[in-house]
Structure formats: C-alpha cells, structure tokens
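Worksheet: the structure to be examined is printed underneath.
Predicted model only: the values in this text are computed from it and were never measured.
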Amino acid sequence: MRLLLAAIVLALATPAAASAGLVTMHVSEVPLGGARTLQSATPARRFDMLAVHWIGSGAVEYRTRSAGRAWRSWRTADGDDRTGAWHDGDLDWTGASVGAEFRTRGVVRRLRSYEVQSRVLAAPVRATQSAGSPAIVLRSAWHANEEIVRAKPVIASRLRLAIVHHTAGANDYTRAEAPAIVRGIEVYHVLGNGWNDIGYNFLVDRFGTVYEGRGGGIDRNVVGAHAQGFNVGTVGVALIGNFQSATPTPAQQNALVGLLAWRLDVAHVDPRSSVLYTSAGNYEFHAGRVVTLRAISGHRDTGPTECPGARAYALIPEWTRRVAATGLPKLYSPEVFGVMGGPIHFRAQLSSSLPWTVEVTDRFGSAVAAGTGRGALVDWTWSSVGATLGPYTWTITAPGIRPATGTLASAPPVPRPPPPPPPVLRLTGLTSLPGVLAPAADGTGAVAIASFYLGAPAHVTAQLQTLAGTTVSGVFAAAIPAGIDEFTWSAAAVPDGRYRLVVTATAGGRSVRKAAAVVIDRTLTALQASPPVLSPNGDGVDDTTILTFTLDQAVAVQVDVLQAGALLGTMFQGTLGPGPQAITWDGSLNGAPLGEGGYELAVTVDDALGEVQQTVPVTIQSG
C-alpha cells in the first residue's frame, strides 16, 4: 500500500535569480501498517537528499538505493528538532539515489519522508562584503529561492554568542555539489519544517567555502532558526557534513575560524567569554531557564542533540583559542552607564594595552567631549550636565581595532509627577492543575483548580474548548476582584480528548483572554502511591511503596522517576492489560538506592491521545 502525502512535487522558480526548477521536493506519508519494525519503502524516484519527520517516542532508520541499484548502509535519523508532536529530522545528502527504505524502533505512529533533488551547477563566486570580512558566497550566487521566504528578517539588538552545527549527511560531496546542498536545505527548512527561511546564518563546506545563510544582512544580528530557545542574539554556523566520527577538513576549520573571528569582532564579543542566556524554551531547557554558555558553543550545549557531532564538538576549545588570536587587536564588551544630564560612564576591554579615545559628538557631528587613556581597560566618565541638543554619538577607538559606537538621547525634561494610572486589565499566570484529568467511575479525578492573576476587577468566564475552537461547556462565570484568584471545575461529563481551558476577563468594554492546555483521559485512573513516604532500610517497615492505578484498556506503560522535574531513570516499561495494576518500588534505580528527598513517579501511557503522563509524589527518608 502506498499513500502519498498529496504526492507533492515542489518545482521552485526564482526568475530573478535564474533558479527556476533547481530544486524539487517530494513529500510522502510512509505506511507503517501493524508491524512497526518492518521495512517500508517510498516509490522509486530520483533524489539526492533525504529527511524524515515522525511522531512517537521511537527512532527511525533509513537506507537509500544508489543510481547503480545498490543499497547503502542503514542510518539513524536525527530528530532533535521538534515541531509539536513531530520530530524534524536533518536533511541528509545521500548522493544520487532512486529509492529509500525505512524501519522503526519503539513507538512510531506516523512517518513522513522528504526526498529532495537539487541540481548541481558550476561552483559559485565568493565576494568580500565589508572591511575585514571573509569571502562569502552570497544568496544570489548560490541561487537562494527568495520567493519561498515567508517573512522579513528579525534583527536582534545585539549578538551575544556563536553556535556551531553540522548539517549531518555524507562528507564526500564535491565542490559543485556543496551549493546544491545549501539550496536543498533552504527548501527543506522552509517548505518541510515550516520556517521563515533557511535556519542557519552561515554554512561552511569541506573546501573552506563560506555561504550566506538566512537573509537580512551578513553583519546584522539576524535571528535564525538553528537552536530552539536560543536563536535571538546568536549566530548559527553549520559545517556541511557529519562530524560525529569524522573530523572537519583543515580548510573547513580554517574558514570557520576566520568567519567567527570576524563576526564576533563586529559584535565586539570576546570569544573566550561566557554568557548567561535565558532560554525561550525547548525540550531540555524550559522557558526562563538560565543557561551558562561559551561565546563559541556547540548546538548540543543548547538542547537535546548530538550536533555538531563528537569530533567537531571536541575541537571547539581549540577553535576558540584560534579565533581569539585572529585579527588582533580587538575591542570587547563596550558598555555605557548613566542618564543624560548626569555622569555617563564608558567602559570596554581591549585585547592588549593600547592608547584609546572616547569621543562624544552632537547631532551635527561636532565634538562635545573626549577622553583618552592607555591600557587594556577603557574607563572614562563624561559629565553631560547641560547637554540638551541630542541625540549624541559616542565612539571608542584605539589603533588597529574595529571602533565601537552608539547613540545617547538628550537629557529629558523633568516632568511633573503623573497621576497614578488606572488599574490595567491584565490576565496572567493562568494554570489548571492537574493538567491531566482522569475521571473515575466513583467521581474522583474529575476536578481541576484553575488559578490566575487579574490586574483590575473584571467579569471572568471560563469555557472548555476543543483544539479546533469549538466550545464544549462553560465551566465558570463570576465577578472577580483584582489580584490572585482561583476556581474549581469538573470534567466528569466531558469525553476524553485534548482541550483548552479558555478564560476571558471583561471590564470597561475591554476583554483579555488566556488559555491553558488540558487533557482528559480515562485510560489511567486512581493513580496513587501507598505509603507516600518510604524508608528502604531493611527493617520491614515501609521499605517499599506500591504504585496502584486502573487501566481501561491494554496499553504501553512506562514509569519514570523524576526529581525537581529532571528524569533520573525508568523503573518499569511494558504493556499492561485492563483492570487494577500494582507496581512495587523499593526506592532504587538499576539496583542503586536513591538518597533522601522528594521524588515523583511519572506514569506515561500511550493511547489514542498519544503519550499521556500523570505523576504522584513520593518521599524517601531514612528510618
């Protein structure tokens, strides 16, 4: 049986760049049938790049058939990127191929194949874009398809660090095939992954050629899509190839060092420094988590991935030393403190002791103040009393460095104290706990508590809606004062499914709305651990706890042990039948006892709603 996902053939045309028909992509839904470990194949067609998307906790392997009809070795798909429930695999350069086969391990509920063919052209011309920059193949030279770009580039206020990647795939591509790989990655990232443009800011091939990636300005802080949760204020550089067990070529390494030395110098970032970065959220670092990163980091430092491969990752300290020693002298971390009308403090670090100058000019370009000194530390204060005709421009210079510059606004007039603002209608911090409701026949497990913060008194209503936006039921309506509040609601009469609890606050003709995800699933009910406190000291009293629950059908069950939200290990995995269940735990993992403290036992079932998890707290204490 063959089920093609619209059998999409994307014939891409960019008349202005003369790239019509350079890349085609076929997207196929791969039938899995009942035996998920069996091989499945896509229809035979020509391609030279392959990627897969899949849903499920398992893994996917694939192999391709060469144009000479020989099957290549099996490869494991890298599915570190995630879009909702889908794992988004990397695009693999396979070389000329006429067919593919797939096999799965573990739970894989859906599998989608992306087969890309990218025409090979003559090697493009490299050009130098700005002072000191390396030669770079521009988007127009590698025939980027600008017509498929979904949105204008977003520019971050500053660049804080660089993240090194590899594209995965083969390492034996030719010089002419490299830009074809870049074109294929662009099409896959935009039309396969749904991103605005190619994810990387730059790419480097094994011959030492640097390619412009995401458009918007080579020396501007363009926000890419290369490290989920860590894209703003970072530059992503991808080494074309797979460097898990292979080492990047000397030419590739030299080009990477030169590119990073120039790009970090433009941003005045010390390559040997560390950065405290607040994650925007991914599957390893939740939103708000502060992570310490090196100014030159590997993709694996920002999330659950092997990228840029073990061999490349091990070279990052050496590359950092080389970047720091390239293009000296340099200026790092320029900072300005103070408010116009008072003292303005200028600071920066130089790579060596040099004579330096800080100059402030007015909007007409005339100098209004200057300070000089000598050393590796720039440190000067300007008394800006009476400076009113702004804006002002400041510049820090020293012999041989790339100057740092910025602007200062005029001193604002002293305003009268404003009247206190009226309360602002805000609805924040909405949560509904537990997130998974498991209504049992005796009525337990059907009630949740929703909590939120109101910035002003308002009339509050709450509705349970399907993910498509259809209202299932109204669960709450009342006038609520400003502050923290909560209400209870019941899912006893609601069928199983994934829903949204939509809370709306209305006051003064204005409404604000927030939603919280809710799962209602009766597959697993009456989850508890008894006793909740165990003391596994061998005295025969509370040495174990018994995890009990009821299943309404035969499902795959996994029980994990968590502490402070972090996974410590799995204590049980298998398929259980319907009815009451009991699993005994002695407070150990893999035969090793755990220490005193609070833990959670997380029970995950894989049913018609996908993987649904409930947790129960337990405490280990000494007897």
Side-chain angles (χ1 to χ4, degrees), residues 51 78 80-83 88-91 129 133-134 136-140 142 144-146 148-168 179 181-205 210-240 255-256 259-260 262-264 266-267 269 271 275 277-285 287 291 293-305 307-308 312 316:
D78 183 352
D80 304 315
D81 289 322
R82 299 285 290 271
T83 302
D88 300 340
D90 289 329
L91 186 63
Q129 288 305 293
S133 74
I136 297 173
V137 177
L138 303 183
R139 290 171 64 89
S140 59
W142 59 260
N145 190 337
E146 306 296 354
I148 66 172
V149 175
R150 296 173 182 266
K152 293 181 179 179
V154 176
I155 309 299
S157 59
R158 61 172 176 152
L159 181 68
R160 305 180 64 194
L161 69 146
I163 299 176
V164 180
H165 303 255
H166 71 174
T167 62
I181 295 174
V182 177
R183 285 192 295 273
I185 293 174
E186 178 203 23
V187 170
Y188 173 63
H189 281 185
V190 176
L191 300 181
N193 291 349
W195 299 346
N196 288 341
D197 193 353
I198 191 171
Y200 310 117
N201 298 99
F202 299 94
L203 302 95
V204 183
D205 70 21
V210 178
Y211 300 84
E212 177 187 7
R214 178 163 292 210
I218 287 175
D219 56 359
R220 301 171 73 198
N221 305 327
V222 176
V223 177
H226 56 91
Q228 187 178 21
F230 296 82
N231 286 313
V232 177
T234 65
V235 56
V237 182
L239 302 174
I240 300 176
L256 175 68
L259 174 64
L260 294 180
W262 165 76
R263 189 62 188 87
L264 293 181
V266 170
V269 172
V275 176
Y277 194 108
T278 302
S279 170
N282 63 32
Y283 283 84
E284 180 171 351
F285 300 116
V291 183
L293 297 172
R294 297 168 293 179
I296 301 176
S297 290
H299 187 192
R300 65 173 63 183
D301 295 322
T302 68
T305 176
C307 181
I316 288 179

Applying side chain to side chain contact (heavy atoms under 4.5 Å, CB included) between Glu212 and each of Asn201, Ile136, Ile198, report the one that passes. Ile136
Pairing of Lys152 and Asp197 as salt bridge, 4.0 angstrom limit: no
Set of residues satisfying side-chain hydrogen bond (donor to acceptor under 3.5 Å, both in side chains) with respect to Asp301, sequence neighbours excluded: Arg294, Tyr313
Heavy-atom side-chain proximity of Phe285 to Phe230 below 4.5 angstrom: yes
Side-chain donor-acceptor pairs of residues 159-166 under 3.5 Å, sequence neighbours excluded:
unit_1	atom_1	unit_2	atom_2	d
Arg160	NH2	Leu276	O	2.7
His165	ND1	His299	ND1	3.3
His165	NE2	His226	ND1	3.0
His166	ND1	Phe243	N	3.0
His166	ND1	Pro308	O	3.2

Which atom of Pro271 lies closest to which atom of Ala295, heavy atoms considered: O-CB, 3.6 Å
Minimum heavy-atom distance Asn282-Gly303, with the two atoms named: ND2-CA, 4.0 Å
To the nearest 0.5 Å, what is the distance between OG1 (Thr305) and CD (Gln228)? 11.5 Å
How long is the span from the CG atom in Leu239 to the OH atom in Tyr200, to the nearest 0.5 Å? 10.0 Å
Ring pair (Phe, Tyr, Trp, His ring centres under 6.0 Å) filter on Phe202, not counting sequence neighbours, yields none
Determine whether Arg139 and Tyr211 make a side-chain contact, defined as any pair of heavy atoms from C-beta on separated by less than 4.5 Å. no
Heavy-atom nearest pair, Tyr283 first then Pro304, reads CB-CG, 4.2 Å
Tightest non-hydrogen contact, residues Gly216 and Ile155, listed as O-CD1, 4.3 Å
Quick one: pull up CZ in Arg214 and NE2 in His189 and give me the separation to the nearest 0.5 Å. 9.5 Å
Interatomic distance, CG@Leu203 vs CD1@Ile185, rounded to 0.5 Å, equals 5.5 Å
